[in-house]
2 protein chains.
Amino acid sequence: MEFQEVIAHRRDGVGNSQEELEMVAHAAADVARSVPNAPVRDYHLSAWLMAAYLRPLGPEETAWLTVAMADSGERLDLTGLPKPWTDKHSTGGVGDKTSIILLPLLASCGMTIVKMSGRGLGITGGTVDKLESVPGFRMDLTPPELKAQAAKIGLAVTGQTANLVPADKALYALRDVTATVDSVPLIVSSILSKKLAGGAERVILDVKCGSGGFMDDLGKATVLARSLIETGERIGLPVFVSITDMSQPLGRCVGNLLEVKEAAEVLKGAPGRLTELCVRLAGHALVASGLSASEDDGFVRARHALNSGQALGRAEEWFAAQGSTVDVFGHPEKLPVAPVSLLVASPFGPGFVEKVDARVVGQVVLGLGGGREKTSDTIDPTVGVECLKAVGDEVGADEDLFVVHAASDAAAEEAAKHLVEAVKVAKKPAEPIPLVFKTLP
Amino acid sequence: MEFQEVIAHRRDGVGNSQEELEMVAHAAADVARSVPNAPVRDYHLSAWLMAAYLRPLGPEETAWLTVAMADSGERLDLTGLPKPWTDKHSTGGVGDKTSIILLPLLASCGMTIVKMSGRGLGITGGTVDKLESVPGFRMDLTPPELKAQAAKIGLAVTGQTANLVPADKALYALRDVTATVDSVPLIVSSILSKKLAGGAERVILDVKCGSGGFMDDLGKATVLARSLIETGERIGLPVFVSITDMSQPLGRCVGNLLEVKEAAEVLKGAPGRLTELCVRLAGHALVASGLSASEDDGFVRARHALNSGQALGRAEEWFAAQGSTVDVFGHPEKLPVAPVSLLVASPFGPGFVEKVDARVVGQVVLGLGGGREKTSDTIDPTVGVECLKAVGDEVGADEDLFVVHAASDAAAEEAAKHLVEAVKVAKKPAEPIPLVFKTLP
């Protein structure tokens with residue numbers, strides 16, 4: 001069969017067979033590996049992607065594509081490692097450093113976690129960038145290294161390697177530049193193919209909902225969650241979804257090293273909204289993995305793991321195992337800092353914070369150089385924004401709203417100008433925003 | 001503006017502005033010229049093309065794109081050549097050698113014709129391939145050469161050159177491999193951008209309708225014709241369309257050199273269906289160009305040009321001017337021939353030919369090596385099929401239906417096997433198929 005027919009079937013809404021979707025994945029892997037004279041090229045794939053955007057894959061097709069993508073490269077085999085094997089994924093948001101907290105927390109509760117993480121793009125940061133910003137931290141572990149480390153400490157994290165799901169590498173890069181990102185079946189196959197290839201038995205998924213995430217609407221987030229769960233069922237990979245708030249930045253810090261420091265504080269017992277979210281997600285993961293019989297028990301165990309220092313201990317082992325040359329937990333002041341920091345005072349009268357728009361804060365951090373607009377951009381790990389007030393907080397006249405960490409005075413001033421646009425202050429306290437909107441199934 | 005936004009606007013049915021369509025044409029020209037580090041690449045364009053296929057351009061957008069494509073390269077300026085300046089185009093079909101007859105015929109009636117022709121793809125042949133199969137015939141005339149030759153003999157033809165409409169070169173090649181060929185606005189902009197860049201004052205368009213052409217349905221052909229005319233009006237280039245039969249091969253021969261020889265016979269006065277079509281198309285062109293006051297007068301003048309030898313004389317000058325080293329008209333036997341020829345007898349009882357399926361015959365010629373399935377294929381100019389019977393003809397038991405001209409006995413036998421599938425014989429004579437279904441406007 002010619003690939004043009006695969007495109008034409010998608011285009012005409014006839015649908016693609018399993019064999020055709022295997023051709024798509026195979027072709028994408030060839031593109032990712034720059035196979036010379038491959039019969040199907042990136043321009044064929046982008047036509048198929050646009051057809052798939054406008055004539056979306058059905059549930060069976062999504063499952064076929066997901067498996068075909070997972071099979072496009074090496075698949076990790078975790079045999080020999082203690083069970084349960086759990087993976088955790090977030091759709092990404094502004095200030096989302098939950099992975100850095102949750103992974104050692106869950107490992108300290110007895111799970112084995114081998115995870116591939118992604119890089120950030122646009123306003124959403126990536127765990128790879130955050131961890132790589134720690135001096136010495138290696139995000140290029142090979143499959144044997146991952147397995148060996150997970151055998152020792154129950155936890156290993158790597159960036160996406162060329163050998164794992166090469167099909168996703170090519171399709172993701174093409175979607176990013178051809179206006180075909182925002183398609184539920186393509187998002188689902190991208191996420192779950194990596195999870196399937198990663199070898200876990202189940203996936204805990206954090207679907208972010210709000211202006212700073214990929215889905216800004218609860219209805220759309222629910223559609224994505226349901227498709228993730230259904231596809232997981234079809235491919236034999238149970239998926240558990242929490243839809244969580246991303247209307248304001250998650251936690252206080254946005255920016256790579258700032259977020260690592262904040263994660264360390266939570267692991268050391270600091271309370272707050274971010275801590276509560278991690279306890280909630282960890283509790284659900286404990287129930288899903290069969291380690292807790294009830295949500296309540298899960299929450300209690302998760303909180304204990306944080307308060308007892310058990311999660312912190314595991315995090316210290318983890319950072320050391322992956323090569324960190326700075327004691328992030330004992331001496332966070334040894335991490336590099338941006339040369340300029342600037343307090344941003346409230347230009348509003350006294351009142352209560354009604355809004356801190358995650359998208360605006362994310363864009364400011366992008367502007368400071370803390371994220372990438374294109375995959376080829378480089379990141380300044382030290383820059384970012386601290387949000388001193390969250391929705392519901394009281395704020396006095398002239399009280400400080402933000403600290404900007406910037407590479408120059410000019411950049412800091414520019415950031416400060418935009419940051420105040422993220423905030424609304426009202427006379428009366430706003431309704432608090434729920435941490436978790438929904439859990440499914 | 002980022003090109004992704006151009007794609008997204010198309011994708012969402014918002015439409016593209018004139019500026020956006022200029023970006024499309026500009027980007028396509030960069031791709032055609034392999035401009036290093038061009039910001040927009042073939043994979044961006046193919047996503048846009050699929051979006052344009054599924055969310056078709058409106059009339060205003062089609063006109064904008066057409067002009068932008070014409071402006072993507074050099075435009076011929078025919079100033080100084082005698083008027084009227086007429087171009088002729090066919091959407092292509094099986095055995096369609098009308099251009100080789102019509103161009104010298106019209107030139108001999110006083111028109112100036114400077115034409116860019118295309119290569120064949122799939123079952124439809126191309127004038128470039130037919131003329132290039134004549135030893136010595138040059139189809140690489142530069143713009144100055146075209147103009148100089150047209151000044152001398154009123155007629156010059158070239159293949160598509162890199163400098164004229166480079167945007168079409170890239171878009172056409174991408175459409176061909178991404179299942180986005182069959183889109184009226186994209187077809188119209190491809191055809192008319194080349195006509196606009198070619199400098200003519202008006203275009204005579206032959207839209208082929210039937211199994212051997214691009215449009216196999218009169219409704220669809222009419223939609224294409226109307227869009228060609230409307231776009232022509234918007235860009236200031238009057239377009240005159242005849243929708244003509246392509247359910248059976250046009251004339252007797254299919255295959256490059258066989259068709260050149262048949263065209264020579266018509267120019268020398270041979271009667272038949274092909275001759276009648278040329279007279280009809282020429283008559284319309286004479287009226288459209290203001291050289292005849294009525295259709296009847298046009299037909300009389302066209303027939304006179306053929307019968308008097310006036311068209312033949314111009315054809316001889318033309319072939320000589322473009323370098324032909326064989327006297328195609330005086331000594332056609334000097335043209336190369338295929339090593340094998342095989343008569344194919346009717347396996348049917350006596351009766352009347354009801355069908356000679358142009359598509360089947362076209363595919364057989366493709367199989368013989370007389371056409372290309374991919375643009376990179378090379379063509380054997382000598383092979384082809386002579387159709388000895390047309391729809392309506394009486395046929396005796398065992399009477400010959402075809403002559404196959406092939407490179408080998410095996411290829412000839414294979415062709416013969418398929419050719420009989422193209423034919424239906426009935427007891428009673430079939431209704432004759434009209435030569436011209438419609439003329440518009």
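Lettering follows sequence order; numbering is per chain, from 1. Not measured: the values here are computed from a predicted model.
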With a 4.5 Å cut-off on side-chain heavy atoms, are B:Trp48 and B:Asn16 touching?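 Of all side-chain heavy-atom pairs linking B:Trp48 with B:Asn16, at least one is under 4.5 Å.
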Show your working on salt bridge (charged side-chain N to carboxylate O under 4.0 Å, His left out) between A:Arg41 and A:Asp30 and close with a plain yes or no. CA-CA 8 Å; A:Arg41 315 300 284 265; A:Asp30 280 356; over 6 Å; no
Within a 6.0 Å radius of atom NE2 on B:His418, are there more than 12 heavy atoms belonging to other residues, nucleotides or ligands?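 More than 12 within 6.0 Å, yes.
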Pair A:Arg372, A:Asp129 - check salt bridge (charged side-chain N to carboxylate O under 4.0 Å, His left out), show working. CA-CA 10 Å; A:Arg372 50 172 79 79; A:Asp129 301 316; 3.0 Å; yes
Do the side-chain N and O atoms of A:Asp168 and A:Ser193 include a donor-acceptor pair separated by under 3.5 angstrom?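 Note: A:Asp168 and A:Ser193 side chains miss the donor-acceptor criterion.
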Using non-hydrogen atoms only, which part of [X] is less than 4.5 Å away from chain A: side chain, backbone, both, or neither?
X        : result
B:Phe3   : neither
B:Asp182 : neither
B:Leu174 : side chain

Between chain A and each of B:Gln4, B:Arg10, B:His44, B:Arg55, count heavy-atom pairs under 4.5 Å; write down the option with the most.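 Answer, by heavy-atom pair count under 4.5 Å with chain A: B:Gln4.
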Can you tell which of B:Glu5, B:Arg11, B:Glu2 has the highest number of heavy-atom pairs within less than 4.5 Å of chain A?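 Highest number of pairs under 4.5 Å: B:Arg11.
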Looking at chain B, which one of A:Leu54, A:Val177, A:Asp42 has the largest number of heavy-atom pairs inside 4.5 Å, strictly under?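 Option with the top pair count is A:Val177.
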